[in-house]
Novice: 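Have a look at this one.
Note that the numbering runs from 1 along the sequence shown for the chain. Every value quoted in this text rests on a predicted model; they were computed, and no experiment measured them.
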Amino acid sequence: MGVWQWRGWACLRGWALLGGLAAAGTAGSAEPGVPDTWLAYAASASTALAQRLARTDDDRVARLQVFLQQHPDTALADTLAVSLWIDERGHITRSQFASLGDAHVDADLRALLDHAALPGPPPPGMRQPLRLGLSLQAAEAMAP
């Protein structure tokens with residue numbers, strides 16, 4: 001039985017919606033008008049959240065992994081869109097996402113996201129919320 005891990009993605013294999021503007025994986029293929037700094041910030045936020053959601057020493061992460069092992073169909077087509085509101089210090093102040101079907105699991109995920117410290121504040125003028133896709137993959141599928 002594989003161990004499930006959350007993996008945030010916005011850079012090479014994923015997407016981010018920045019204030020309603022769809023941005024593809026690389027700056028060269030982004031929607032016109034989406035600054036490179038916004039794309040870079042989305043990628044760094046994605047990496048930071050992926051690390052937070054993969055911590056093996058956090059009981060909330062462990063409960064999420066157990067739930068996902070028991071409910072593999074919860075992966076919602078392998079992505080879960082999350083909206084994040086970020087303050088001027090780079091801390092998530094609010095998150096929003098579709099329910100995973102269990103109030104306790106939703107609360108664990110929300111607790112992991114809300115108040116998370118990102119690598120820095122959002123770039124000046126970046127529209128919010130920042131929308132990222134969280135991907136759910138088996139740990140062995142994530143190996144390089």
Novice: Could I get the full list of side chain to side chain contact (heavy atoms under 4.5 Å, CB included) partners for Ser83, not counting sequence neighbours?
Specialist: Trp85, Gln96, Pro129, Arg131

Novice: Looking only at atom types and distance, does a side-chain atom of Thr47 sit under 3.5 Å from a main-chain N or O of Ala43, one as donor and one as acceptor?
Specialist: yes

Novice: Please name the pair of heavy atoms, one in Gly101 and one in Ser99, separated by the smallest distance, quoted to 0.1 Å.
Specialist: N-OG, 2.9 Å

Novice: Tell me, please, which residues at least two apart from Arg60 pass side-chain hydrogen bond (donor to acceptor under 3.5 Å, both in side chains).
Specialist: Asp58

Novice: Would you compute the distance between atom CZ of Phe67 and atom CG of Leu100 and round it to the nearest 0.5 angstrom?
Specialist: 6.0 Å

Novice: Answer whether the closest heavy-atom distance between the side chains of Arg127 and Trp38 falls below 4.5 Å.
Specialist: yes

Novice: Return the set of residues passing side-chain hydrogen bond (donor to acceptor under 3.5 Å, both in side chains) with Asp57 (not counting sequence neighbours), or none when no residue passes.
Specialist: Arg55

Novice: Which residues satisfy the side-chain hydrogen bond (donor to acceptor under 3.5 Å, both in side chains) test with Asp102, sequence neighbours excluded?
Specialist: none

Novice: Within the 4.5 Å heavy-atom criterion, are Val82 and Leu49 side-chain neighbours or not?
Specialist: no

Novice: Which residues pass the salt bridge (charged side-chain N to carboxylate O under 4.0 Å, His left out) test with Arg94, sequence neighbours left out?
Specialist: none

Novice: Sequence neighbours excluded and cut-off under 3.5 Å, please list the side-chain donor-acceptor pairs for residues 111-122, or say none.
Specialist:
from, atom 1, to, atom 2, distance (Å)
Asp114, OD1, Ser95, N, 3.0
Asp114, OD1, Ser95, OG, 2.6

Novice: Listed by chain and number, what are the salt bridge (charged side-chain N to carboxylate O under 4.0 Å, His left out) partners of Asp106, not counting sequence neighbours?
Specialist: none

Novice: Taking side-chain hydrogen bond (donor to acceptor under 3.5 Å, both in side chains) as the test, write out the residues that go with Arg110, two or more places apart.
Specialist: none

Novice: Surrounding NE2 of His91 (heavy atoms of other residues, nucleotides or ligands, distance under 6.0 Å), is the total greater than 12?
Specialist: yes

Novice: Return the minimal non-hydrogen interatomic distance between Leu130 and Ala45, and the atom names on each side.
Specialist: CD2-CB, 4.0 Å

Novice: Do the side chains of Val105 and Leu64 get nearer than 4.5 Å, heavy atoms only?
Specialist: yes

Novice: Enumerate the residue pairs fulfilling salt bridge (Lys or Arg N to Asp or Glu O under 4.0 Å) with a member in residues 61-71, sequence neighbours excluded, ordered by first and then second residue.
Specialist: Arg63-Asp108

